[in-house]
Structures are given as C-alpha cells and as structure tokens.
Number of protein chains: 2
Amino acid sequence: MRKTRPGGRTARTRALVFAAVEALLEEKDPGAISMVEIAGKAGVAATSLYRRWGDARSLLTEVAVGALTREAPLPDTGSLREDLRAWARTIAATLSDPQKSIFFRVYVGAVPRSDKEAVGRARALRTRLQQIDAMLERARMRGEVNLNPLEVTDHLLAPLYMRALFGAPADADFAEGLVDYLLQGDHGAYVNVADVS
Amino acid sequence: MRKTRPGGRTARTRALVFAAVEALLEEKDPGAISMVEIAGKAGVAATSLYRRWGDARSLLTEVAVGALTREAPLPDTGSLREDLRAWARTIAATLSDPQKSIFFRVYVGAVPRSDKEAVGRARALRTRLQQIDAMLERARMRGEVNLNPLEVTDHLLAPLYMRALFGAPADADFAEGLVDYLLQGDHGAYVNVADVS
DNA sequence: TCCTTAATGCTAATTAATTTGCATTAGAGC
DNA sequence: GCTCTAATGCAAATTAATTAGCATTAAGGA
C-alpha cells in the first residue's frame with residue numbers, strides 16, 4: 001500500500017504553488033512574501049501550504065532550487081573553448097537581469113538548518129556538476145585540455161555569479177575573457193569532484 | 001539648530017541593538033529573527049526599532065554591512081604574493097566556520113529594493129576595494145606585477161566566498177593555489193575600478 | 001542651568017500570521 | 001465501481017507582529 005500520493009491533485013497543487021511563488025518573486029522581496037499571499041495567488045488553502053512546507057522560507061528555497069536545476073543543457077559544439085564561451089555568455093546575459101539572479105539570492109540567503117538540509121542542497125546542484133563533468137570528459141576524449149569541474153566552478157562560475165550578487169557588470173567580453181583565463185592556467189592540482197558532492 | 005542627535009543615547013541604543021542582532025544570528029536563522037525578539041535581547045522598546053529601521057530585514061542588512069566592513073586591515077609583508085597568500089589563508093580559515101559566513105549570506109540574500117539602496121550597498125564595499133587597490137599599488141611601486149582590484153575579486157575572493165556559500169571545502173592550500181593561479185594569469189585587459197563602485 | 005524637541009518607552013488597539021479541528025475531495029489499489 | 005485514506009479546504013481560535021497615541025527621558029544649543 002502506498003504511503004503517499006504524488007500524482008494527480010498533489011502534483012497539480014504543487015505546480016500552482018510554485019508558479020505563484022515565482023510570480024510573486026517577480027514583484028516583491030522574498031522576505032516579504034507570506035504563506036497567505038502565496039495561497040491566495042495559487043488558489044489554494046493556506047493551511048495546505050503550512051502542512052506541506054512548514055514555513056515560507058522552506059517553500060521559497062524549494063522553488064529556488066527547482067528553478068536553478070532546470071537550466072538549459074550545456075553547449076556541445078565540438079570544442080571545449082567554444083562550449084565554455086557559449087555557456088559563459090549565456091550566464092552573463094541571464095544574470096544581467098537582476099530579476100534572474102533572484103533565485104540564486106534566495107538559495108544562498110537561506111542558511112542550511114541541518115546537515116540533512118545541507119546535503120539536500122548539495123545534491124540539487126550535483127546534476128549540474130555532472131553535466132559539467134560530461135562536457136569536460138568530451139574534451140578529454142578529443143585530446144583537449146584536461147580540466148576538472150571545480151576549476152570551472154571556481155574560475156568561471158564563481159566570478160560571474162559573484163558579480164551578479166554585487167551588481168558589478170559582467171558582459172560577454174568579460175565572460176569570454178574568463179574562459180581564456182581558465183584555459184591557460186596551470187591545471188596540475190586535480191581536485192576530486194567528490195569533495196563537493 | 002540640529003535636526004538629529006546622533007550622540008549619546010541614540011548611539012548607545014544602536015550599539016545595543018546591533019549587538020543583540022549579532023548574538024541572535026549566532027543562534028538562529030536570519031529569517032526567523034523578529035523585531036520583538038531583538039528588542040527583548042537589546043533591552044529596548046520594539047517600537048523604537050520599527051521607527052528607526054522600519055522592518056527586520058533592513059536592520060539585519062545594516063548589521064551585516066557593518067560586520068563586513070569592519071574587517072581587519074590587509075597584510076603588508078613587502079611581497080604581493082605573500083600579502084595575497086596570507087589574506088587568502090585568513091579568508092579561507094574564517095569562512096570555514098559556517099557561522100562566519102552568515103553576514104555574507106544576509107548581505108547577498110537581501111535584494112536591493114531601490115537604486116538608492118543598491119548604491120549604499122556598493123559604497124559599503126568600496127572601502128575594502130580601496131584597500132585592495134592600495135595593496136596592489138604598493139606592489140606596482142616595488143616593480144612587481146601590475147594587477148587591478150577586480151582581478152583579485154574575480155579570481156581570489158569569488159572562488160573563496162562562493163565555496164563558502166555552497167559548503168564546498170576551501171583549505172589553506174586551496175587558498176594559496178588561487179594566488180598562484182592569479183599571479184601567473186594574463187593581465188592584459190585592464191578593467192577600471194570605477195566600473196564596480 | 002534652562003529650554004526645546006529628538007528619541008525613546010509604554011500600553012492598547014489593530015492587523016497579520018499560524019494553528020487547530022473537523023468536513024470534504026479525490027488518488028490509488030482492489 | 002468501491003473502499004480507504006492522503007491531501008485538501010474551511011472556519012474558528014490562537015498567537016505573533018505591527019501600528020497608534022500619548023507620556024517620559026535626555027541631547028544639545030542658548
């Protein structure tokens with residue numbers, strides 16, 4: 001006998017609620033969004049939200065994680081440099097709209113409340129890390145430079161996202177410059193992906 | 001005739017409130033800290049807090065900005081490489097305690113509500129940027145490598161802080177590795193500090 | 001020292017958030 | 001279909017957050 005009923009109504013409610021939260025994030029501060037407000041926009045009873053998510057903060061982070069992990073697949077142009085350049089340009093363009101970095105803000109703004117929660121947050125990003133790994137593996141197979149995913153996150157993603165958080169400009173040229181910078185660095189010290197998973 | 005009275009009681013109240021907020025941040029989630037709670041711990045009337053800061057979120061960010069801008073002065077060892085290494089090690093050690101990254105989380109988690117607020121946030125960090133500039137200027141004067149502050153923030157600070165936000169480990173070796181990486185990069189494209197101020 | 005009033009304190013009123021208890025609806029297995 | 005019950009809805013009760021109004025305190029200039 002099943003313990004939960006994830007299909008049908010449950011899924012529909014979840015979709016309605018998530019859409020409502022994303023809509024509300026367009027128009028106001030995450031901290032100013034209440035359960036009652038979400039319930040109203042979603043056409044759902046507020047008590048349902050309290051039962052399923054406990055509080056607004058949990059719901060908000062779940063929505064943020066969802067948004068961050070349903071990003072487009074990584075480029076596959078046949079050249080690592082071009083893959084990275086295309087991806088970096090996309091990120092820079094996306095983050096240039098302050099509204100788009102809101103999910104990221106919500107994610108990092110929420111302090112992990114427990115080890116269990118911290119693990120869940122990390123797992124949410126592991127998929128993306130694996131996609132990066134696949135892209136790098138393709139490059140290795142082609143005999144191109146041997147990079148590891150953490151080098152990409154440290155030297156390509158970190159500067160882009162950090163600039164977004166601080167409101168510093170990051171245009172396409174800057175994004176491509178990071179790629180060039182990354183591809184000429186010393187890649188001696190290999191750090192295992194397991195460290196971050 | 002004066003319009004405000006910043007001295008005496010006002011300053012004392014402010015100090016009490018800030019201390020209370022910092023103490024509360026030690027023990028619980030930023031989003032779970034209420035004005036009444038802060039008032040209680042500070043021994044101040046809640047109405048005073050509402051009057052001076054409007055809401056908890058504004059107060060919290062003001063405290064976070066304060067904490068982030070009263071960091072220790074940068075190293076001055078006579079060698080840029082050693083300056084950067086020492087600083088990077090300090091940051092890595094500091095951020096290894098999740099509690100220490102809480103101010104950073106509060107800062108980035110708060111979405112700037114207006115252009116005016118965004119300017120205020122940027123100004124808060126400008127002092128630090130100027131300190132970095134001074135450190136790099138000393139290196140230039142000694143005939144060492146010519147770096148600009150944004151290269152330091154992009155390639156040294158960004159990876160360290162980003163790892164802290166995502167809970168990825170960042171030890172002293174990693175921190176020093178970033179410095180080596182930074183000092184062997186191509187520093188052709190100079191980006192003016194004004195871009196980020 | 002005395003005056004003016006900014007800043008704070010205190011209490012009550014108001015408003016919003018959250019919980020509780022029970023009724024209703026609709027997945028999912030048979 | 002039929003049954004069981006997870007998931008939801010609804011309304012009342014409770015609790016917490018916020019505002020309003022007035023009294024009190026103390027900075028800071030004269």
Side-chain angles (χ1 to χ4, degrees), chain A residues 1-25 27-63 66 106 109-111 113-114 117, chain B residues 1-25 27-64 66 106 109-111 113 117:
Chain A
M1 161 116 25
R2 297 188 64 82
K3 286 282 171 64
T4 58
R5 299 175 178 176
R9 184 170 56 167
T10 299
R12 206 174 315 127
T13 302
R14 185 188 149 92
L16 284 171
V17 170
F18 273 42
V21 170
E22 295 193 16
L24 285 169
L25 281 174
E27 52 194 67
K28 62 195 307 191
D29 218 77
I33 298 175
S34 76
M35 289 297 230
V36 178
E37 206 171 6
I38 297 168
K41 179 157 292 219
V44 163
T47 38
S48 301
L49 303 192
Y50 281 110
R51 270 188 293 247
R52 278 178 71 169
W53 288 283
D55 54 32
R57 180 252 185 211
S58 299
L59 173 52
L60 273 273
T61 31
E62 200 171 312
V63 171
V106 170
V111 187
R113 286 208 254 239
S114 62
E117 194 177 85
Chain B
M1 161 114 27
R2 296 186 66 79
K3 286 282 173 64
T4 58
R5 297 174 178 177
R9 183 170 57 165
T10 298
R12 207 174 316 127
T13 301
R14 185 187 147 94
L16 284 172
V17 170
F18 273 41
V21 170
E22 295 193 15
L24 285 170
L25 280 174
E27 52 193 65
K28 60 195 305 190
D29 218 75
I33 298 175
S34 76
M35 289 297 232
V36 178
E37 205 171 6
I38 297 168
K41 179 157 289 220
V44 163
T47 39
S48 300
L49 303 193
Y50 282 110
R51 269 189 293 248
R52 277 178 71 168
W53 288 282
D55 54 33
R57 179 253 186 209
S58 299
L59 173 52
L60 272 275
T61 33
E62 199 171 314
V63 171
V106 170
V111 187
R113 285 209 254 242
E117 194 177 84

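Reminder, nothing fancy here: chain letters follow the sequence lines and each chain counts from 1.
Between A:I38 atom CD1 and D:dT8 atom P there is a gap of 15 Å when expressed in whole angstrom units. Put simply, CG on A:L49 is 13 Å from P on C:dA17, counting in whole angstrom units. Remark: P of D:dA17 and CG of B:L59 are 15 Å apart, rounded to the nearest angstrom. Separating the CZ atom of A:R14 from the C1' atom of C:dG27 is a distance of 17 Å, rounded to the nearest angstrom. If you measure from atom CE of A:M35 to atom P of D:dG9, you get 13 Å, rounded to the nearest angstrom. Atom pair A:R12:CZ and C:dA26:P shows a separation of 8 Å (rounding to whole Å applied). Computed from coordinates, the B:R51 CZ to D:dA23 P distance equals 14 Å when rounded to whole Å. Distance B:E37 CD to D:dT18 P: 12 Å, rounded to the nearest Å.
Between D:dG9, C:dT8, D:dA17, one nucleotide has an atom nearer to the side chain of B:T10 than all others, and that is C:dT8.
Here the closest non-hydrogen pair linking B:T61 and B:S58 is OG1-O, 2.9 Å.
Distances shorter than 4.0 Å separate some side-chain N or O of B:T13 from OP1 or OP2 on C:dT8. Between B:R9 and the phosphate of D:dG28, there is no side-chain N or O to OP1/OP2 separation shorter than 4.0 Å. Not one side-chain nitrogen or oxygen of A:S48 sits closer than 4.0 Å to the OP1 or OP2 atom of D:dA7. Of the side-chain N and O atoms in A:R52, none sit less than 4.0 angstrom from OP1 or OP2 of D:dA6. Using a 4.0 Å cut-off, some side-chain N or O of B:Y50 falls inside it from OP1 or OP2 of D:dT18.
Here OG of A:S48 is found 14.5 Å from CZ of A:R14. Values are rounded to the nearest 0.5 Å. From B:E22, atom CD reaches atom CD1 of B:I38 across 11.5 Å, with rounding to the nearest 0.5 Å. From B:L24, atom CG reaches atom CD of B:E37 across 5.0 Å, with rounding to the nearest 0.5 Å.
Ion pair A:R52/A:E62 not flagged as a salt bridge, since none of the NZ, NE, NH1 or NH2 atoms sits closer than 4.0 Å to an Asp/Glu carboxylate oxygen.
Within the nucleic acid shown, A:S34 comes within 4.0 Å of sugar-phosphate atoms alone, with no base atom in reach, counting heavy atoms only.
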